[in-house]
Protein chains: 2
Amino acid sequence: MTKADGAQRRERKSDKTRRRILDAAADLLNRKGFDGTRVSEIATLAELRVPAVYYYFDSREAILEEVVNIGDRLAHDNVVRRLNELPPDASALDRICAAFAAHLEMVLTESAYTAAAMRTMGQLPADMRARQLERQRASGRMWRELIQAGVEAGEVDPELDPRAARMFLLGAVNWATEWWNPARGSLEEILATAQRLVRNALAGPLARSATAATPRAALSPVFIPPP
Amino acid sequence: MTKADGAQRRERKSDKTRRRILDAAADLLNRKGFDGTRVSEIATLAELRVPAVYYYFDSREAILEEVVNIGDRLAHDNVVRRLNELPPDASALDRICAAFAAHLEMVLTESAYTAAAMRTMGQLPADMRARQLERQRASGRMWRELIQAGVEAGEVDPELDPRAARMFLLGAVNWATEWWNPARGSLEEILATAQRLVRNALAGPLARSATAATPRAALSPVFIPPP
DNA sequence: GTCTATAGGAAGATAGAC
DNA sequence: GTCTATCTTCCTATAGAC
């Protein structure tokens, strides 16, 4: 076992506690919003008293900012990873659909952190919001370029405003936490619907051939978590 | 001037103050969320002291519930009104697009109340949320029937799950307050993009003829407020 | 109808024992 | 590392004068 392995695999008890606090905060951010998330509730959920929380974090805002930060990064990294998994001959539209599906998946099941980051965006205090926008620069560029590639390839309806279309579709997936219920349909189903909807929305009347609207098997929406 | 006119036109001073309080609360709900909206801030925005607010409302929650209630009703009524304005030969897809555009318009400009109602949905306390769901029943049915009519008319991609598609698209328009900036594009532009996107998304590969994806002039996205 | 003053409680944060 | 006890601030809501 390498030293790096030891440091990463076996989380110290201290790291575990810290993580429980962040998990609790992410959960509460989703249910109560930014201002509704209380340190006392975080402590209760993490099975601690309030002062123990302040041993790990300087302030309430520091906890919440770290949650948002992690959530944004998880979403970005997952989208990048899924894009890299695509076969080299994937079309521009294939890449766009895979990106939205990867983002949606993170929001819905893999990460309460990502859902929290998306849902509290508009509620952050000014300074936190500014830092978040700064961090999100790379993601913003990535999404812009994905859509732009589709336009240049002639696969995206040229009558659509690219920015508005991108934001509408991101909104559609970010909002999904409000209504998605795993009991009413599997993750695979919802991801398939999302991909179909995104493909239709962006291709528009260009999607004349039957194959253009049907993703290939290689673009499976199923998420395979890393070991 | 009819007596009804007199009652509606000339709002009593008392009604005006009450309205200022609700306006302030709607604005704050959008910016701060449910838990972040303070009575003291409502009072300041309404140019009052806190006790004056409690002269008009029994509690903080009573103010916020009325805002949400009004917001939901405004959205519903506006969608119904716009549907009634459509020419009788409008297609099922025309009706769906007009409905989403009417909802988006309310969310973006005509009503801070509607935006507040949509954005705070997930943050309401259990009892308020239950009452809101009860009130939203009629709206839910209306949206379901709109999409269903499209499916039955063969104008909606049959491979889409109707419920998921409806919720994704409502999410897309509800989320628009997070990013839409009037300085970057007019209301007419954003409504046109939304209609195009909704039409594409739902029609999918069925939208093979050029006309199918181009709304007619009769379906102007411009909102004309009542006198 | 609107105000000043204030009760009563809950929240964020810290001191200091263990 | 985690706790009990406590400080300070801010919030909702009310009492009562004008």
Side-chain angles (χ1 to χ4, degrees), chain A residues 7 10-69 116 120 123-129 131, chain B residues 7 10-68 116 120 123-129:
Chain A
R10 249 193 268 137
E11 228 175 13
R12 287 202 216 77
K13 182 193 158 201
S14 156
D15 291 336
K16 266 191 178 162
T17 307
R18 198 182 144 83
R19 202 191 165 69
R20 276 210 323 275
I21 294 170
L22 290 170
D23 285 350
D27 181 31
L28 286 165
L29 273 176
N30 280 305
R31 283 159 37 202
K32 311 285 189 87
F34 186 86
D35 289 276
T37 297
R38 311 281 173 213
V39 177
S40 58
E41 277 190 275
I42 295 175
T44 305
L45 263 185
E47 292 174 297
L48 291 169
R49 299 301 138 94
V50 170
V53 172
Y54 282 98
Y55 172 83
Y56 291 93
F57 295 90
D58 284 344
S59 69
R60 170 181 174 278
E61 292 208 354
I63 308 172
L64 304 189
E65 179 153 6
E66 183 152 339
V67 169
V68 168
N69 190 2
T120 57
Q123 297 170 22
L124 303 184
D127 56 334
M128 272 189 62
R129 179 67 182 135
R131 286 192 291 276
Chain B
R10 248 192 268 136
E11 229 175 12
R12 288 202 214 77
K13 183 193 157 201
S14 156
D15 292 336
K16 265 192 179 161
T17 307
R18 198 184 144 84
R19 203 192 163 70
R20 278 211 318 277
I21 295 170
L22 290 171
D23 285 349
D27 181 31
L28 286 165
L29 273 177
N30 279 306
R31 283 158 38 200
K32 310 286 189 85
F34 186 87
D35 289 276
T37 297
R38 309 285 172 211
V39 177
S40 59
E41 277 190 275
I42 294 175
T44 305
L45 263 186
E47 292 175 295
L48 292 168
R49 300 302 139 94
V50 170
V53 173
Y54 283 98
Y55 172 81
Y56 291 94
F57 295 91
D58 283 345
S59 69
R60 171 181 173 276
E61 291 209 355
I63 308 172
L64 304 188
E65 179 153 6
E66 183 152 339
V67 169
V68 168
T120 57
Q123 296 170 23
L124 302 184
D127 56 333
M128 272 190 62
R129 178 68 182 135

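Chain naming here is simple, since letters A, B, ... match the order of the sequence lines and numbering starts at 1 in each.
Distances shown here put every side-chain N or O of B:K16 at or beyond 4.0 Å from the OP1 or OP2 atom of C:dG1. Put simply, B:T17 has no side-chain N or O that comes within less than 4.0 Å of OP1 or OP2 on C:dG1. Considering only side-chain N and O atoms, B:S59 lies nowhere under 4.0 angstrom from the phosphate OP1 or OP2 of D:dT12. OP1 or OP2 of D:dT4 sits under 4.0 Å from a side-chain N or O of A:R49. Not one side-chain nitrogen or oxygen of A:Y54 sits closer than 4.0 Å to the OP1 or OP2 atom of C:dA15.
Closest contact between the side chain of A:V50 and the listed nucleotides C:dA13, D:dA15, D:dT12 involves C:dA13. Counting only heavy atoms from C-beta on, B:K13 has its side chain closest to C:dG1 among C:dT4, C:dG1, D:dC11. Closest to the side chain of B:S40, out of C:dT2, D:dC11, D:dT14, is D:dC11. The side chain of A:L48 lies closest to D:dT2 when the candidates are D:dT2, D:dT12, C:dA13.
Note that OG1 of A:T17 is 6.5 Å distant from CG of A:L48, once rounded to the nearest 0.5 Å.
Protein atom CG of B:D35 is 11 Å distant from nucleotide atom P of C:dA11, rounded to whole Å. Note: CZ (A:R60) to C1' (D:dT9) measures 14 Å, nearest angstrom. For the pair B:R38 CZ and C:dA10 P, the computed distance is 14 Å after rounding to whole Å. Across the protein-nucleic acid pair, B:Y56 atom OH and D:dT12 atom C1' stand 20 Å apart, rounded to whole Å. Following rounding to the nearest Å, A:L64 (CG) and C:dA13 (C1') show an atom-to-atom distance of 15 Å. Taking atom CD of residue A:E61 and atom P of nucleotide C:dA11, one finds them 17 Å apart after rounding to whole Å. Between A:Y55 atom OH and D:dT4 atom C1' there is a gap of 18 Å when expressed in whole angstrom units. Whole-Å rounding puts the B:I42 CD1 to D:dT12 C1' distance at 11 Å.
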Inset, instruction - May I have the step-by-step check of side chain to side chain contact (heavy atoms under 4.5 Å, CB included) for B:L22 and B:Y56, ending in yes or no? - result: CA-CA 10 Å; B:L22 290 171; B:Y56 291 94; over 6 Å; no
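We find that B:R60 and B:E65 are not joined by a salt bridge, their nearest charged nitrogen and carboxylate oxygen being 4.0 Å or further apart.
For B:S14 and B:P51, each mapped to the nucleotide of DNA chain C holding its nearest heavy atom, the one lying further toward the 5' end belongs to B:S14.
Heavy-atom contacts from other residues, nucleotides or ligands closer than 6.0 Å to CG of B:D58 number 12 or fewer.
Residues A:T120 and A:F34 come closest through the heavy atom pair CG2-N, 4.1 Å.
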